[in-house]
Amino acid sequence: MGLKIGLTGGIGSGKSTVAAIFEVLGIPVYYADAAAKRLMNENAQIKALMVAHFGEQVYAAGVLNKTYLSEKIFSSPTQLALLNQLIHPLTIADANDWMSRQQAPYCIKEAALIFESHAEAHLDYIIGVQAPLETRIARVMKRDKISREKVLTIMEKQLNEEEKMKRCDMILVNDDETLLIPQVIALHEKLLSFVRH
């Protein structure tokens with residue numbers, strides 16, 4: 001098993017774009033968001049807990065009702081905290097299990113809430129993806145077809161961007177001006193050199 005690398009950044013920073021470049025370089029990537037959704041849909045233990053805490057409507061025909069769940073958690077910090085308490089430990093365990101089976105020199109866990117969920121304890125290094133606030137807002141509005149207010153509400157629930165970047169070991173700048181691919185390739189070479197030593 002190689003190094004375990006975290007990849008994080010606020011919403012709209014371009015984490016998924018960076019993760020895709022690493023995948024092209026042959027590095028396996030675990031997408032925490034997708035994994036959490038999969039676990040909520042497939043894991044019987046989680047499904048039972050979700051129904052117990054959020055009501056029967058949280059699943060429609062056995063599939064997670066994301067609209068219903070979003071409405072529940074975004075209007076209530078308590079409900080959001082509860083969801084995180086249910087999901088984070090299982091996603092962390094799932095990621096650790098997945099990472100332990102990888103054969104690459106290093107693998108990546110892409111997750112918005114690495115520090116918020118205390119997943120950094122399981123990782124060797126954390127890469128932060130940084131982008132200016134206005135760029136991030138514009139990207140999310142375009143991608144998710146939502147209002148600026150809605151984007152700002154989501155951002156408020158994440159760790160402050162500056163604080164998040166301070167805690168990262170390495171930073172990639174994704175501001176639509178600085179070339180991203182050369183930065184990722186340079187970081188890839190650096191991580192490979194860590195593995196070789």
Side-chain angles (χ1 to χ4, degrees), residues 6-20 22-23 28-98 108-120 122 128-161 163-164 174 176:
L7 176 65
T8 195
I11 187 170
S13 61
K15 292 182 301 299
S16 306
T17 306
V18 170
F22 276 110
E23 284 191 295
V29 177
Y30 178 93
Y31 293 91
D33 256 12
K37 287 187 183 89
R38 174 177 53 79
L39 290 167
M40 284 189 273
N41 276 309
E42 293 173 7
N43 184 306
Q45 180 194 354
I46 275 285
K47 285 179 101 161
L49 288 168
M50 294 288 288
V51 169
H53 290 291
F54 300 106
E56 294 283 342
Q57 307 95 305
V58 80
Y59 290 97
V63 178
L64 185 69
N65 182 342
K66 288 187 284 203
T67 313
Y68 172 81
L69 185 61
S70 294
E71 284 166 6
K72 287 285 260 195
I73 61 175
F74 276 115
S75 56
S76 160
T78 324
Q79 296 276 39
L80 177 62
L82 177 65
L83 178 69
N84 288 338
Q85 280 169 359
L86 294 175
I87 300 303
H88 288 325
L90 279 161
T91 310
I92 289 170
D94 190 64
N96 290 346
D97 177 53
W98 178 87
I108 287 177
K109 175 184 181 177
E110 186 263 11
L113 306 176
I114 283 181
F115 299 112
E116 294 89 334
S117 65
H118 308 294
E120 74 273 19
H122 304 271
V129 183
Q130 194 172 34
L133 180 65
E134 288 306 321
T135 307
R136 291 170 53 213
I137 293 169
R139 282 178 188 159
V140 181
M141 284 173 69
K142 186 178 172 187
R143 182 190 73 195
D144 297 349
K145 316 230 176 331
I146 55 176
S147 69
R148 181 184 177 87
E149 289 68 36
K150 180 91 191 219
V151 178
L152 292 169
T153 306
I154 296 167
M155 285 180 169
E156 279 166 19
K157 298 196 172 27
Q158 295 187 344
L159 182 67
N160 171 293
E161 185 75 352
E163 180 56 38
K164 188 173 280 198
N174 185 20
D176 296 337

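- Judged purely by atom type and a 3.5 angstrom limit, N174 uses its side chain to pair as donor or acceptor with the backbone of S13.
- Of all non-hydrogen atoms in I46 and N43, the two that sit nearest each other are N-OD1, 3.0 Å.
- When all heavy atoms of E120 and I114 are compared, the closest pair comes out as OE1-O, 3.2 Å.
- Note that the CZ atom of F74 and the CG atom of L69 stand 9.0 Å from one another [nearest 0.5 Å].
- Of all heavy-atom pairs between V29 and A19, the closest is CG2-O, 3.7 Å.
- R38 meets the salt bridge (Lys or Arg N to Asp or Glu O under 4.0 Å) test with D94; sequence neighbours excluded.
- G62 approaches N41 most closely through the heavy-atom pair O-OD1, 4.2 Å.
- Applying the salt bridge (Lys or Arg N to Asp or Glu O under 4.0 Å) test to pairs two or more places apart or on separate chains, none has a residue in residues 40-66.
- Across V129, T8, L7, a single residue satisfies side-chain contact (heavy atoms from CB on, under 4.5 Å) together with E110, and that is L7.
- The CG atom of L39 sits 12.0 Å away from atom CG of L86, with the distance rounded to the nearest 0.5 Å.
- Residues satisfying the side-chain contact (heavy atoms from CB on, under 4.5 Å) test with S75, not counting sequence neighbours, are none.
- With values rounded to the nearest 0.5 angstrom, L113 atom CG is found 10.0 Å from I11 atom CD1.
- Counting only residues at least two apart or on different chains, the side chain to side chain donor-acceptor pair (under 3.5 Å) pairs with a member in residues 130-154 are E134-R148, R139-D176.
- The one candidate from L64, L83, N65 that meets the side-chain contact (heavy atoms from CB on, under 4.5 Å) condition with V58 is L64.
- With rounding to the nearest 0.5 Å, the separation of CE in M40 from CG in L49 is 12.0 Å.
- The ring pair (Phe, Tyr, Trp, His ring centres under 6.0 Å) contacts involving residues 30-69 comprise Y30-W98, where partners must be two or more places apart or lie in separate chains.
- Partners of N96 under the side-chain hydrogen bond (donor to acceptor under 3.5 Å, both in side chains) rule, at least two apart in sequence or in another chain, are H122.
- Applying the side-chain contact (heavy atoms from CB on, under 4.5 Å) criterion to L159, with sequence neighbours excluded, gives F115, E116, E163, K164, R167.
- Partners of D33 under the side-chain hydrogen bond (donor to acceptor under 3.5 Å, both in side chains) rule, at least two apart in sequence or in another chain, do not exist in this structure.
- Shortest non-hydrogen contact noted between E161 and G10 is OE1-N, 3.1 Å.
- Between the Q158 side chain and the A112 main chain, no donor and acceptor come within less than 3.5 Å of each other.
- The side-chain contact (heavy atoms from CB on, under 4.5 Å) search around S117 returns H88, I92, A119, not counting sequence neighbours.
- Note that CD of E71 is 10.5 Å distant from CD1 of I73, once rounded to the nearest 0.5 Å.
- The OG1 atom of T91 sits 10.5 Å away from atom NZ of K37, with the distance rounded to the nearest 0.5 Å.
- Shown here are the side-chain contact (heavy atoms from CB on, under 4.5 Å) partners of S76, two or more places apart in sequence or in another chain: T78, Q79.
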